[in-house]
Amino acid sequence: MGIQRPKGTQDLLPGTVEQWQYLEATIRCVCRDYGYEEIRTPMFEATELFQRGVGQTTDIVKKEMYTFLDKGDRSMTLRPELTASVCRAYVENKLYGQPQPVKLYYIGPMFRYERPQSGRFRQFHQFGVEVLGADQPVVDAEVISLVWNLYQRLGLTQLEVHVNSVGCPTCRAKHRVQLQEFLVTRRNELCNDCQERFERNPLRILDCKNPSCQAATTGAPTTYDTLCPDCSTHFERVLVLLGLAGVVYRVNPRLVRGLDYYTKTAFEVMVEEIGAQSAICGGGRYDGLVEEIGGPSTPGIGFAMGLERVLTALQIQNKLPEEKPKQFAMLIALGEKAQNEGFSLLSALRAQGMPVSMDLLGRSLKTQLKAANRQGAQFALILGEEELERNVLLLRDLMLGEQMEVPLVEAVEQIKKKYQRGV
RNA sequence: GUGGGUGUGGCGAAGUGGUUAACGCACCGGUUUGUGGUACCGGCAUUCGUGGGUUCGAGACCCAUCAUCCACCCCA
């Protein structure tokens, strides 16, 4: 076998691309309704952006980035996520000078060097939203409601929306200490991974899948015990507003997000049916990130949604729209003279916006009819030597099996009439 | 990075060491000259991911390698 596509990448072929187009169109529609505008940033950025933005200690930065030196010896990285880039763009383009908040969305490929598995790729696609310059709880609720609304429109069911507050850096640090104090006596009950997490990232132990870790952490102090008054009222307000927006959610004190920048509200949406990688959307507030990147202190919140995973869920739940017939009519021209006449007719029909095509292999009438049938065409426009001599076109209705003769001069008009009736 | 499964034509799938590698779908062509969706007929893998090895003999056994899938880690 010759050259193959890189591991963890996909060729999206006709038949599948339509599903992506449908999903993307629905997303854009919801974003427009919510008043979000699209932003497009580069596929690669200075490596430092992700190191600072995503966090040096995260797996993404430590082992999953596609990093390379360009010809000027600058370290560049294929974007593994987009929140850092959007914040960079916000600062660099001085969007803080525009009316606040700035409400943005993006759709595009991300790159992470991982072992592929179900729902996990090296090039994958995310839809995401970022709101910069607003710290009110309503923003958190609006963003989550946007996600909810999108899934409703897509018809997805069996969703689990988990919401939590991880607090600001101050209360998070307090929680961390309390958690370690709680766990220190049970440390030997934890799995190997969690033994290591104990020092590095004890919050993560809370959402370990290992049953013994689950048991060891029952009754552990939650973030709510340590939330400062500000974080606490913020969280309560978010929950109230979510209820008012009709979002069905669950408060999950064990929900911890993996990226360093999250503060206060964190949330995740899961669909169990799609496999081990069941999170189809994850996000939260990141009030310190813009400043971390070198901009003015600016609150922010956003999420990212894995489109491959959403599509998988839609497939499993059978919620994708049916494929429409590709062509309205097929032109069947027999012989070179007829092809000349037919080709110009074809171009006239297409100029009028009708989806019409013709045989490109010079095949027999019979074969072409068969092909037209398979395309789902409603009409066959037959033009042979005989018709040419009499200046007519055979207009055959493939559904009814009837055909009529139309003078060539009236052909476009007549066909258009049929087409408009169908549309 | 770790662990497990799989690899036969475009797709699905038989083939438990022995002469010519089933079958289904798809595809292409035909069933008298220019009329489709059905039916019938025919065509479509010098070869079983690749490279070695065992054997009189291998798609089947062994080794290596590559690819792919699933799971862990982590994330969308």
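Each chain gets a letter, A, B and so on, in the order its sequence line appears, and its residues count up from 1.
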Return the value, rounded to whole Å, for the distance between atom [atom1] of [X] and atom [atom2] of [N].
X: A:I205; N: B:rC74; atom1: CD1; atom2: P; value: 11 Å
X: A:L369; N: B:rC28; atom1: CG; atom2: P; value: 14 Å
X: A:L159; N: B:rA76; atom1: CG; atom2: C1'; value: 15 Å
X: A:M399; N: B:rU35; atom1: CE; atom2: P; value: 21 Å
X: A:K7; N: B:rC70; atom1: NZ; atom2: P; value: 12 Å
X: A:Q4; N: B:rU65; atom1: CD; atom2: C1'; value: 13 Å
X: A:F111; N: B:rC74; atom1: CZ; atom2: C1'; value: 19 Å
X: A:E385; N: B:rU33; atom1: CD; atom2: P; value: 17 Å

With both distances under 3.5 Å as the test, what is the Watson-Crick or G-U wobble partner of [N]?
N: B:rG1; result: B:rC72
N: B:rA13; result: none
N: B:rC61; result: B:rG53
N: B:rC48; result: none
N: B:rA26; result: none

Worksheet entry | Gap between atom CZ of A:R122 and atom OG1 of A:T9 - 0.5 Å precision | 9.5 Å
Discussion item. Would you compute the distance between atom CZ of A:R112 and atom CG of A:D59 and round it to the nearest 0.5 angstrom?
Written reply: 10.0 Å
Is [X] near enough to [N] that one of its side-chain N or O atoms lies under 4.0 angstrom from OP1 or OP2?
X: A:K63; N: B:rG1; value: no
X: A:R363; N: B:rG34; value: no
X: A:R115; N: B:rC74; value: no
X: A:Q117; N: B:rA71; value: yes

Practice prompt. Just say parallel, tilted or perpendicular for the rings of A:Y286 and A:Y261, cut-offs at 30° and 60°.
Written response: perpendicular
Quick one: label [X] by what it contacts on the DNA or RNA (base, sugar-phosphate, nothing), any heavy atom closer than 4.0 Å.
X: A:G119; answer: base
X: A:E268; answer: nothing
X: A:A372; answer: nothing
X: A:E81; answer: nothing
X: A:K366; answer: base
X: A:F121; answer: base
X: A:G128; answer: nothing
X: A:L398; answer: base
X: A:I332; answer: nothing

Quantified in whole Å, what is the [atom1] atom distance between nucleotide [N] and nucleotide [M]?
N: B:rC48; M: B:rA60; atom1: C1'; answer: 10 Å
N: B:rG43; M: B:rU54; atom1: P; answer: 40 Å
N: B:rC66; M: B:rU46; atom1: C1'; answer: 25 Å
N: B:rG12; M: B:rU35; atom1: C1'; answer: 34 Å
N: B:rC23; M: B:rG15; atom1: P; answer: 15 Å
N: B:rA39; M: B:rA22; atom1: P; answer: 24 Å
N: B:rG37; M: B:rU31; atom1: P; answer: 13 Å
N: B:rG9; M: B:rC70; atom1: C1'; answer: 27 Å

Closest to the [X] side chain: [options]?
X: A:Q277; options: B:rU35, B:rA76, B:rC72; value: B:rC72
X: A:R396; options: B:rG34, B:rC72, B:rU35; value: B:rU35
X: A:T367; options: B:rG30, B:rU68, B:rC74; value: B:rG30
X: A:F124; options: B:rA76, B:rU31, B:rU68; value: B:rA76
X: A:A276; options: B:rC72, B:rA76, B:rG34; value: B:rC72
X: A:A279; options: B:rU68, B:rG29, B:rA76; value: B:rA76
X: A:S118; options: B:rC27, B:rA76, B:rA71; value: B:rA71

Are [X] and [Y] side-chain neighbours, meaning at least one heavy-atom pair lies under 4.5 Å?
X: A:N340; Y: A:F343; value: no
X: A:W20; Y: A:L311; value: yes
X: A:V163; Y: A:F235; value: yes

Discussion item. With a 3.5 Å cut-off and heavy atoms only, can you find an N or O donor on one side and an acceptor on the other between the side chain of A:Q403 and the base of B:rU35?
Written reply: yes
Practice prompt. Establish whether the base of B:rG34 is bridged to the side chain of A:E387 by a donor-acceptor pair shorter than 3.5 Å.
Written response: yes
Practice prompt. Under the side-chain hydrogen bond (donor to acceptor under 3.5 Å, both in side chains) rule, what do A:Y262 and A:D287 come out as? Steps first, then yes or no, please.
Written response: CA-CA 8 Å; A:Y262 286 113; A:D287 288 344; over 6 Å; no
Worksheet item: Under a 4.0 Å N-O cut-off, is there an ion pair linking A:E189 with A:R187?
Response: no
Worksheet item: Does the ring centre of A:Y113 sit less than 6.0 Å away from the ring centre of A:Y66?
Response: yes
Worksheet item: When the nearest nucleotide of RNA chain B is assigned to A:R309 and to A:A377 on a heavy-atom basis, which residue is associated with the more 5' position?
Response: A:A377
Worksheet item: Mapping A:R374 and A:H125 onto RNA chain B by nearest heavy atom, which one lands closer to the 5' end?
Response: A:R374
